[in-house]
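Please read the structure below before turning to the comments.
Keep in mind that what you see is a predicted model, and the values were worked out from it rather than measured. Quick note: residue numbers are just sequence positions, from 1.
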Amino acid sequence: MIGFLRGRVVDVQPDNMILDVNGVGYELQCSGNTLDSAIHGDELTLFVHTHVREDAITLFGFSTMAEKRLFLSLISVNGVGPKLAIKALSGGSVERLVDMIDAGDVKALTALPKIGKKIAEQIILSLKGKLVLDDERTSLKAPGKLRPTNARGELISALVNLGFRLQDVEKVVEDLPPGTDLQSGIRQGLQALTGQF
């Protein structure tokens, strides 16, 4: 699975970019915020979420881990798919979107691209009070959870990329012993997650 890609920007379109990573061109669907940071020819690092369907494998790229985590939270909401989530992320900064959700501001959310009233209400119902920006305002974490910037963050990303829901993964990872390495964490996490369903 892909956690991040570092490469040279080859092409930027309204909804995606192509990143040349050691001679392989990866097409990544991105928010407007991430695309705004892409300059043709520059080297760029993008955090990646791989979305797998029967008929397609799509890569979504994010300029910050906070944006990726908000995306993962959004797609955990009933009725919000990855394309809708990436469009919503184009409507403002991570901080602004978190503030809208926490304020229960349906009107502001419906002003985002592709978000209707029913979906806005569902997002608020599902995520209000559950998204917290850390002290540096650069990364999202859930209240009471460890800041996922170390091996635990990689483990959460790995298990979510395997198709499990973020909230289920976070519960399982939280119960793992401190100091669990990535390989052991994936093995134990898979056992716990598959036992839940």
Side-chain angles (χ1 to χ4, degrees), residues 1-6 26 28-31 33-34 45-53 57-86 88-89 93-95 97-102 119 122-197:
M1 83 203 54
I2 301 170
F4 72 89
L5 291 169
R6 181 180 297 120
Y26 291 89
L28 298 118
Q29 304 295 310
C30 304
S31 72
N33 296 323
T34 292
T45 298
L46 294 179
F47 298 98
V48 176
H49 170 72
T50 307
H51 185 72
V52 180
R53 293 187 330 192
I57 297 174
T58 308
L59 299 179
F60 291 87
F62 309 93
S63 58
T64 66
M65 186 58 85
E67 187 183 43
K68 179 180 177 179
R69 290 198 181 103
L70 181 54
F71 171 85
L72 293 174
S73 295
L74 287 170
I75 65 174
S76 74
V77 175
N78 191 23
V80 179
K83 289 187 177 179
L84 181 59
I86 208 80
L89 287 169
S93 68
V94 170
E95 291 89 346
L97 295 177
V98 170
D99 288 345
M100 287 179 193
I101 293 166
D102 282 344
I119 292 293
Q122 188 65 44
I123 289 170
I124 291 165
L125 182 67
S126 300
L127 300 179
K128 185 176 180 180
K130 297 178 183 174
L131 302 171
V132 178
L133 289 164
D134 71 7
D135 292 340
E136 291 96 34
R137 314 259 315 156
T138 56
S139 181
L140 278 172
K141 64 177 182 178
K145 304 271 172 74
L146 293 174
R147 181 179 172 189
T149 55
N150 49 21
R152 286 185 177 250
E154 292 176 21
L155 177 56
I156 288 169
S157 179
L159 291 169
V160 168
N161 277 331
L162 289 172
F164 297 102
R165 293 187 330 154
L166 178 63
Q167 54 213 67
D168 296 329
V169 168
E170 286 180 332
K171 285 177 194 169
V172 166
V173 170
E174 193 177 349
D175 291 337
L176 293 176
T180 302
D181 65 47
L182 186 59
Q183 288 185 342
S184 298
I186 290 173
R187 187 173 61 252
Q188 292 175 53
L190 284 171
Q191 288 172 350
L193 287 160
T194 53
Q196 287 181 2
F197 298 97

Can any side-chain N or O of [X] pair as donor or acceptor with the backbone N or O of [Y] at less than 3.5 Å?
| X | Y | value |
| --- | --- | --- |
| N33 | L89 | yes |
| K130 | S126 | yes |
| T34 | S63 | yes |
| D102 | K128 | no |
| K68 | V48 | yes |

Close side-chain approach of [X] to [Y], heavy-atom, < 4.5 Å:
| X | Y | result |
| --- | --- | --- |
| V173 | D175 | no |
| I123 | I101 | yes |
| M100 | L97 | yes |

Restricting to non-hydrogen atoms, name the atom on [X] and the atom on [Y] that form the minimum distance, rounded to 0.1 Å.
| X | Y | answer |
| --- | --- | --- |
| F71 | P82 | CE1-O, 3.4 Å |
| A85 | L74 | CB-CB, 3.9 Å |
| L127 | S76 | CD2-OG, 4.4 Å |
| T194 | L190 | OG1-O, 2.7 Å |
| G61 | C30 | O-SG, 3.7 Å |
| L131 | S73 | CD2-OG, 3.5 Å |

What distance separates [X] [atom1] from [Y] [atom2], expressed to the nearest 0.5 Å?
| X | Y | atom1 | atom2 | value |
| --- | --- | --- | --- | --- |
| R69 | F62 | CZ | CZ | 12.0 Å |
| L193 | F164 | CG | CZ | 5.0 Å |
| L59 | T50 | CG | OG1 | 5.0 Å |
| L46 | E67 | CG | CD | 9.5 Å |

Could you list the residues that satisfy side-chain hydrogen bond (donor to acceptor under 3.5 Å, both in side chains) with T58, not counting sequence neighbours?
none
Using the side-chain hydrogen bond (donor to acceptor under 3.5 Å, both in side chains) criterion, which residues pair with R187? Sequence neighbours excluded.
none
Would you sort out whether I57 and H51 count as a side-chain contact (heavy atoms from CB on, under 4.5 Å), showing the intermediate values?
CA-CA 6 Å; I57 297 174; H51 185 72; over 6 Å; no
Partner of H49 under side-chain contact (heavy atoms from CB on, under 4.5 Å), picked from I86, I2, L72, is L72
